[in-house]
Amino acid sequence: GEKLNIRVDFSSQITSFSDDITLYAEWTLGASLSVSDISSFLAGVTDKTQVYEFKIEDTTPSLSDLKSILNSYKDIKISYDLSECSGLTSLSTEAFLNCYNLTGISIPASVTNISNYAFEHCRGLETITVDKNNPKYDSRNDCNAIIEIATNKVIALLAQKQISAAFAQAEKEVTDLHQRTKEGCNS
(Lines give C-alpha, C1' and ligand atoms only; values in the text may rest on other atoms or scores of the structure.)
Protein backbone atom coordinates (compact mmCIF):
# COMPACT_ATOMS: atom_id res chain seq x y z
CA GLY A 1 0.00 0.00 0.00
CA GLU A 2 0.87 3.64 -0.31
CA LYS A 3 1.28 6.32 2.31
CA LEU A 4 0.51 9.76 1.02
CA ASN A 5 1.21 13.20 2.38
CA ILE A 6 -0.71 16.05 0.83
CA ARG A 7 0.76 19.51 1.34
CA VAL A 8 -1.15 22.62 0.38
CA ASP A 9 0.24 26.15 0.55
CA PHE A 10 -2.43 28.57 1.74
CA SER A 11 -0.17 31.60 2.19
CA SER A 12 -1.36 33.29 -1.00
CA GLN A 13 -4.86 33.47 0.44
CA ILE A 14 -3.81 35.11 3.71
CA THR A 15 -2.61 38.66 3.27
CA SER A 16 -2.13 39.73 6.89
CA PHE A 17 1.17 37.86 7.26
CA SER A 18 4.55 39.08 6.10
CA ASP A 19 6.08 37.56 2.97
CA ASP A 20 8.51 35.39 4.92
CA ILE A 21 5.78 33.26 6.49
CA THR A 22 4.27 30.35 4.59
CA LEU A 23 1.37 28.40 6.02
CA TYR A 24 0.71 24.80 5.07
CA ALA A 25 -2.04 22.33 5.64
CA GLU A 26 -0.79 18.77 5.51
CA TRP A 27 -2.69 15.53 5.53
CA THR A 28 -1.31 12.04 5.67
CA LEU A 29 -3.48 9.38 4.16
CA GLY A 30 -3.03 5.81 5.33
CA ALA A 31 -1.28 2.67 4.24
CA SER A 32 -3.82 1.41 1.70
CA LEU A 33 -4.33 4.55 -0.35
CA SER A 34 -5.78 3.97 -3.78
CA VAL A 35 -6.16 6.08 -6.89
CA SER A 36 -9.82 6.47 -5.99
CA ASP A 37 -8.81 7.88 -2.57
CA ILE A 38 -6.67 10.53 -4.27
CA SER A 39 -9.42 11.15 -6.81
CA SER A 40 -12.00 11.56 -4.05
CA PHE A 41 -9.77 14.12 -2.35
CA LEU A 42 -9.17 16.03 -5.60
CA ALA A 43 -12.87 15.91 -6.51
CA GLY A 44 -13.54 17.98 -3.40
CA VAL A 45 -10.91 20.60 -4.18
CA THR A 46 -12.42 24.03 -4.70
CA ASP A 47 -9.27 26.16 -4.72
CA LYS A 48 -7.62 25.34 -8.01
CA THR A 49 -4.95 28.03 -7.66
CA GLN A 50 -2.99 25.99 -5.11
CA VAL A 51 -0.46 23.26 -5.83
CA TYR A 52 -1.33 19.93 -4.22
CA GLU A 53 1.81 17.97 -3.38
CA PHE A 54 1.49 14.23 -3.03
CA LYS A 55 4.33 12.46 -1.27
CA ILE A 56 4.10 8.87 -2.40
CA GLU A 57 5.77 6.41 -0.05
CA ASP A 58 4.83 3.18 -1.80
CA THR A 59 8.03 1.44 -2.88
CA THR A 60 6.74 0.78 -6.42
CA PRO A 61 3.87 3.10 -7.32
CA SER A 62 1.93 2.66 -10.53
CA LEU A 63 3.06 5.47 -12.82
CA SER A 64 0.07 4.89 -15.06
CA ASP A 65 -2.21 5.48 -12.06
CA LEU A 66 -0.34 8.69 -11.17
CA LYS A 67 -0.65 9.85 -14.78
CA SER A 68 -4.33 8.93 -14.77
CA ILE A 69 -4.88 11.24 -11.79
CA LEU A 70 -3.15 14.09 -13.62
CA ASN A 71 -5.28 13.48 -16.71
CA SER A 72 -8.50 13.29 -14.69
CA TYR A 73 -7.88 16.59 -12.87
CA LYS A 74 -6.22 18.74 -15.53
CA ASP A 75 -7.39 21.96 -13.89
CA ILE A 76 -5.63 21.17 -10.58
CA LYS A 77 -1.89 21.72 -10.13
CA ILE A 78 -0.25 18.56 -8.80
CA SER A 79 3.28 17.80 -7.62
CA TYR A 80 4.59 14.28 -6.98
CA ASP A 81 7.35 13.56 -4.50
CA LEU A 82 8.55 10.07 -5.38
CA SER A 83 11.76 10.32 -3.33
CA GLU A 84 10.70 7.49 -0.98
CA CYS A 85 9.77 5.08 -3.79
CA SER A 86 12.83 2.84 -3.40
CA GLY A 87 11.48 0.14 -5.72
CA LEU A 88 10.93 2.53 -8.61
CA THR A 89 13.78 1.94 -11.07
CA SER A 90 12.44 3.26 -14.36
CA LEU A 91 10.32 6.06 -15.79
CA SER A 92 8.91 4.60 -18.97
CA THR A 93 8.50 6.31 -22.30
CA GLU A 94 5.73 8.86 -22.03
CA ALA A 95 5.37 8.25 -18.25
CA PHE A 96 4.04 11.78 -17.78
CA LEU A 97 3.56 12.78 -21.43
CA ASN A 98 1.16 15.74 -21.85
CA CYS A 99 0.64 16.14 -18.11
CA TYR A 100 0.35 19.93 -18.27
CA ASN A 101 -0.71 20.22 -14.63
CA LEU A 102 2.31 18.38 -13.22
CA THR A 103 4.13 21.20 -11.42
CA GLY A 104 6.86 19.27 -9.61
CA ILE A 105 8.56 15.90 -9.52
CA SER A 106 11.14 14.41 -7.17
CA ILE A 107 13.00 11.41 -8.56
CA PRO A 108 14.32 8.78 -6.10
CA ALA A 109 17.87 7.42 -5.96
CA SER A 110 16.63 4.06 -7.25
CA VAL A 111 15.67 5.34 -10.73
CA THR A 112 18.38 4.35 -13.19
CA ASN A 113 16.39 4.51 -16.43
CA ILE A 114 14.45 7.47 -17.72
CA SER A 115 13.08 6.87 -21.19
CA ASN A 116 12.68 9.42 -23.95
CA TYR A 117 9.64 11.63 -23.66
CA ALA A 118 8.97 10.72 -20.01
CA PHE A 119 8.20 14.40 -19.33
CA GLU A 120 7.39 15.57 -22.85
CA HIS A 121 4.97 18.52 -22.95
CA CYS A 122 4.86 18.94 -19.16
CA ARG A 123 4.53 22.70 -19.57
CA GLY A 124 3.52 23.29 -15.96
CA LEU A 125 6.70 21.83 -14.45
CA GLU A 126 8.26 24.33 -12.07
CA THR A 127 10.56 22.04 -10.09
CA ILE A 128 12.49 18.90 -10.92
CA THR A 129 14.75 17.31 -8.34
CA VAL A 130 16.77 14.11 -8.33
CA ASP A 131 17.83 12.47 -5.08
CA LYS A 132 21.47 13.34 -4.41
CA ASN A 133 22.29 9.64 -3.98
CA ASN A 134 21.09 8.68 -7.46
CA PRO A 135 24.07 7.02 -9.24
CA LYS A 136 22.93 7.82 -12.79
CA TYR A 137 21.06 11.14 -12.77
CA ASP A 138 21.27 14.44 -10.95
CA SER A 139 19.76 17.89 -10.83
CA ARG A 140 23.02 19.63 -9.97
CA ASN A 141 22.99 23.04 -8.38
CA ASP A 142 19.19 22.94 -8.15
CA CYS A 143 19.06 23.42 -11.91
CA ASN A 144 15.49 22.07 -12.26
CA ALA A 145 16.57 19.52 -14.83
CA ILE A 146 17.40 15.83 -14.97
CA ILE A 147 20.94 15.30 -16.20
CA GLU A 148 22.60 11.98 -16.99
CA ILE A 149 25.82 12.09 -14.96
CA ALA A 150 28.09 10.05 -17.26
CA THR A 151 27.29 12.01 -20.44
CA ASN A 152 26.03 15.35 -19.06
CA LYS A 153 23.01 14.82 -21.33
CA VAL A 154 19.90 16.73 -20.30
CA ILE A 155 17.05 14.23 -19.99
CA ALA A 156 14.33 16.64 -18.87
CA LEU A 157 14.23 20.41 -18.58
CA LEU A 158 11.58 22.85 -17.48
CA ALA A 159 9.53 24.10 -20.42
CA GLN A 160 10.32 27.75 -19.72
CA LYS A 161 14.04 26.94 -19.63
CA GLN A 162 13.68 25.12 -22.96
CA ILE A 163 12.04 28.20 -24.45
CA SER A 164 14.67 30.51 -22.94
CA ALA A 165 17.45 28.30 -24.29
CA ALA A 166 15.84 28.26 -27.74
CA PHE A 167 15.49 32.07 -27.74
CA ALA A 168 19.08 32.49 -26.57
CA GLN A 169 20.30 30.22 -29.39
CA ALA A 170 18.16 32.04 -31.96
CA GLU A 171 19.40 35.41 -30.70
CA LYS A 172 23.02 34.22 -30.98
CA GLU A 173 22.42 32.99 -34.54
CA VAL A 174 20.84 36.31 -35.55
CA THR A 175 23.71 38.24 -33.98
CA ASP A 176 26.25 36.04 -35.77
CA LEU A 177 24.40 36.45 -39.08
CA HIS A 178 24.24 40.21 -38.59
CA GLN A 179 27.97 40.33 -37.85
CA ARG A 180 28.82 38.24 -40.93
CA THR A 181 26.56 40.44 -43.07
CA LYS A 182 28.27 43.61 -41.82
CA GLU A 183 31.68 42.09 -42.49
CA GLY A 184 30.59 41.08 -46.02
CA CYS A 185 29.33 44.61 -46.78
CA ASN A 186 32.58 46.19 -45.58
CA SER A 187 34.83 44.15 -47.83
Side-chain angles (χ1 to χ4, degrees), residues 1-9 25-131 133-134 136-139 142-148 153-163:
E2 298 176 34
K3 182 176 179 187
L4 173 72
N5 293 323
I6 303 168
R7 183 173 165 174
V8 183
D9 178 352
E26 190 168 312
W27 298 270
T28 300
L29 301 180
S32 60
L33 183 69
S34 67
V35 172
S36 66
D37 293 329
I38 297 171
S39 293
S40 294
F41 171 81
L42 291 172
V45 166
T46 57
D47 184 357
K48 297 183 179 170
T49 64
Q50 298 297 321
V51 174
Y52 295 86
E53 179 180 293
F54 294 89
K55 183 170 184 170
I56 311 296
E57 294 181 349
D58 184 7
T59 56
T60 53
S62 165
L63 295 181
S64 63
D65 286 349
L66 296 178
K67 183 177 180 178
S68 173
I69 291 168
L70 288 161
N71 287 331
S72 296
Y73 296 94
K74 290 184 181 209
D75 57 341
I76 298 175
K77 299 172 192 170
I78 298 172
S79 176
Y80 288 134
D81 179 349
L82 305 176
S83 61
E84 300 295 320
C85 300
S86 59
L88 184 62
T89 59
S90 180
L91 297 178
S92 62
T93 299
E94 303 176 4
F96 294 105
L97 176 70
N98 294 325
C99 293
Y100 308 118
N101 56 331
L102 179 64
T103 62
I105 190 82
S106 295
I107 308 297
S110 57
V111 170
T112 56
N113 181 39
I114 300 176
S115 299
N116 292 336
Y117 311 110
F119 297 99
E120 190 75 13
H121 303 295
C122 291
R123 294 188 296 242
L125 265 177
E126 297 171 2
T127 58
I128 301 173
T129 57
V130 178
D131 187 287
N133 296 314
N134 188 300
K136 186 163 183 182
Y137 302 105
D138 71 18
S139 53
D142 297 319
C143 66
N144 278 319
I146 300 172
I147 301 168
E148 188 174 46
K153 177 182 175 187
V154 175
I155 304 299
L157 184 66
L158 296 182
Q160 69 189 68
K161 286 192 175 191
Q162 290 173 335
I163 292 167

Minimum side-chain heavy-atom gap Val154-Ile146 below 4.5 Å: no
Taken to the nearest 0.5 Å, the spacing of Ile107 CD1 from Ile128 CD1 works out to 8.0 Å
From Cys122 SG over to Leu157 CG, what is the distance, rounded to the nearest 0.5 angstrom? 12.0 Å
Can you find a pair of side-chain heavy atoms, one from Ile76 and one from Tyr52, that are under 4.5 Å apart? yes
List for me each residue that meets side chain to side chain donor-acceptor pair (under 3.5 Å) alongside Ser64, sequence neighbours excluded, and say none if there are none. Ser62
Under the side-chain contact (heavy atoms from CB on, under 4.5 Å) test against Asn101, which residue among Ile69, Asn71, Leu125, Leu70 passes? Leu70
Spatial distance of atom CG (Leu102) from atom NZ (Lys67) [nearest 0.5 Å]: 11.0 Å
Taking atom CG of Asn134 and atom CD of Glu148, what is their separation to the nearest 0.5 Å? 10.5 Å
Can you pull out every side chain to side chain donor-acceptor pair (under 3.5 Å) where at least one residue sits in residues 73-83? Sequence neighbours excluded, please. Lys48-Asp75, Asp81-Ser83
Could you pull out all residues at least two apart from Thr129 that satisfy side chain to side chain donor-acceptor pair (under 3.5 Å)? Ser106
How about OH on Tyr117, more than 12 heavy atoms from neighbouring residues, nucleotides or ligands closer than 6.0 Å, or not? no
Restricting to side chain to side chain donor-acceptor pair (under 3.5 Å), what partner residues turn up for Asp138, sequence neighbours left out? Arg140
For residues Ile56 and Leu66, determine if any side-chain heavy atom of one lies less than 4.5 Å from a side-chain heavy atom of the other. yes
Listed partners of Glu120 passing salt bridge (charged side-chain N to carboxylate O under 4.0 Å, His left out), at least two apart: none
Atom pairs and distances, side-chain donor-acceptor, residues 84-97, under 3.5 Å, sequence neighbours left out:
residue, atom, partner, partner atom, Å
Ser90, OG, Asn113, ND2, 3.2

Lys136 side, atom NZ; Ile155 side, atom CD1 - distance, nearest 0.5 Å: 7.5 Å
Between OG on residue Ser110 and CG on residue Asn133, distance to nearest 0.5 Å: 11.0 Å
